[in-house]
Amino acid sequence: MRRPISGTFYFCLFTFSLNNMEDNYRHKGLRQKLIASLRRKGITDEKILLVMEAVPRHFFLDSTFAHLAYKDQPVGIGKGQTISQPYTVAFQTQLLEVEKRQRVLEIGTGSGYQAAILGMLGARVFTVERQEELYLKTKKILETKRFGNIRCYFRDGTKGLKEFAPYDRIIATAGASKVPEALLKQLIIGGKMVIPVGKEVQEMKCITKVSETEYVEEHRGSFKFVPFLEGKEKK
Ligand code: SAH
């Protein structure tokens, strides 16, 4: 008599198919559902939704966590860090109002997923990471898979990335206790920065530089990010 195939078997089969670096119809179906949920949660920018539907989020996760790639939640990426929740990625990207060929500085490369979304939107992305291990791993992914014009640097983001400044847009994907002065300096006049600021919980700040010394600041809700830390951490 043939034994019935257990739920565990299907689960293993499912996670196995999610583990490789292929992007199959199952992944695409899961992404479509995720995009529908982002729409329901209020994301309206069609370009961002299209790009998020196209970029395989499971490429940016370790195989053990790949089955969580299309849930709207943050996921561990090692070194105590997380890939941001898809809703947060969409929300921050929407606030950034990025246009093609703009120079965008990202603080906190992490898994590289946010950088890939910006790259696919046509931005020229400069992304910095303070954890050497994450920097090396992610640089490889972003170099082997093509997600547009993205350059990775092993740097302390509190200092920005002076040599390529000014930037049209700056996005921080870690929660800062205050807005680093260097980032304000490296923003072009008319440019925009999206940065979560606060200790336990962070307020999403959207800052527009209106002159060399003046900024307009808007607050766009509360979020919880991993901390924006000073200094670099070697392997
Ligand atoms: N954008 C990432 C989010 C990763 S979590 C993604 O899509 O996966 C935030 C990242 O910010 C972590 O990897 C953390 O190491 C990094 N980080 C924190 N403080 C930093 C700093 N001062 N400079 C550069 N990176 C920093």
Side-chain angles (χ1 to χ4, degrees), residues 34 38 48 51-52 55-62 65-66 68-96 98 104-121 123 125-142 145 147-148 150-162 164-165 167 169-184 186 193-199 202 204 223-235:
L34 174 65
L38 295 180
I48 295 172
V51 162
M52 288 184 73
V55 174
R57 190 166 181 256
H58 63 281
F59 285 180
F60 300 87
L61 291 173
D62 276 350
F65 294 120
L68 299 174
Y70 298 110
K71 297 197 181 298
D72 192 17
Q73 63 176 64
V75 182
I77 52 171
K79 307 301 282 179
Q81 306 306 319
T82 56
I83 179 173
S84 301
Q85 178 181 347
Y87 173 76
T88 308
V89 172
F91 187 76
Q92 280 197 287
T93 311
Q94 194 164 271
L95 287 180
L96 208 58
V98 63
V104 180
L105 173 64
E106 181 197 23
I107 311 297
T109 313
S111 68
Y113 179 69
Q114 172 74 73
I117 298 300
L118 294 168
M120 291 294 282
L121 284 167
V125 185
F126 300 83
T127 180
V128 301
E129 174 56 56
R130 67 177 291 280
Q131 294 262 10
E132 191 176 24
E133 203 171 316
L134 282 177
Y135 156 74
L136 291 170
K137 191 163 123 191
T138 300
K139 187 176 159 69
K140 217 179 276 168
I141 299 171
L142 291 174
K145 303 272 170 192
F147 294 111
I150 305 171
R151 294 196 242 168
C152 303
Y153 299 87
F154 174 45
R155 296 291 175 88
D156 170 9
T158 55
K159 301 191 179 88
L161 188 65
K162 204 172 165 192
F164 302 109
Y167 301 97
R169 300 286 185 263
I170 297 180
I171 177 172
T173 62
S177 52
K178 61 181 173 51
V179 182
E181 202 57 42
L183 298 187
L184 291 169
Q186 291 173 25
M193 169 164 27
V194 173
I195 180 167
V197 183
K199 291 224 166 78
Q202 293 82 38
M204 191 67 77
F223 290 80
K224 207 158 168 40
F225 281 81
V226 294
F228 191 131
L229 299 171
E230 255 189 86
K232 293 195 290 186
E233 209 173 298
K234 289 229 168 214
K235 254 169 73 146

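Order of listing sets the numbers, starting from 1, for every ligand and every atom in it.
Between Phe126 and Tyr153, the angle of the ring planes stays under 30°, which puts this pair in the parallel group of the 30/60° scheme.
Partners of Arg169 under the salt bridge (Lys or Arg N to Asp or Glu O under 4.0 Å) rule, at least two apart in sequence or in another chain, do not exist in this structure. Shown here are the side chain to side chain donor-acceptor pair (under 3.5 Å) partners of Glu106, two or more places apart in sequence or in another chain: Thr127.
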Atom pairs, nitrogen or oxygen, ligand 1 to protein, under 3.5 angstrom:
| from | atom 1 | to | atom 2 | distance (Å) |
| --- | --- | --- | --- | --- |
| ligand 1 | 1 (N) | Glu106 | OE2 | 2.8 |
| ligand 1 | 1 (N) | Gly108 | O | 2.9 |
| ligand 1 | 1 (N) | Thr173 | OG1 | 3.1 |
| ligand 1 | 7 (O) | Gln114 | N | 3.1 |
| ligand 1 | 8 (O) | Ser111 | N | 3.0 |
| ligand 1 | 8 (O) | Ser111 | OG | 2.6 |
| ligand 1 | 13 (O) | Glu129 | OE1 | 2.7 |
| ligand 1 | 13 (O) | Glu129 | OE2 | 3.4 |
| ligand 1 | 15 (O) | Glu129 | OE2 | 2.6 |
| ligand 1 | 19 (N) | Leu229 | N | 3.0 |
| ligand 1 | 22 (N) | Asp156 | OD1 | 3.1 |
| ligand 1 | 22 (N) | Gly157 | N | 3.4 |
| ligand 1 | 22 (N) | Leu229 | O | 2.5 |
| ligand 1 | 23 (N) | Gly157 | N | 2.7 |
| ligand 1 | 25 (N) | Arg130 | N | 3.3 |

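Within the 4.5 Å cutoff, side-chain heavy atoms of Thr88 are placed close to those of Phe225. Proximity of Val104 to Ile171: side-chain heavy atoms (C-beta onward) are separated by under 4.5 Å at one or more points.
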Can you give the donor-acceptor pairs under 3.5 Å from side chains of residues 228-235 to other protein atoms, not counting sequence neighbours?
none

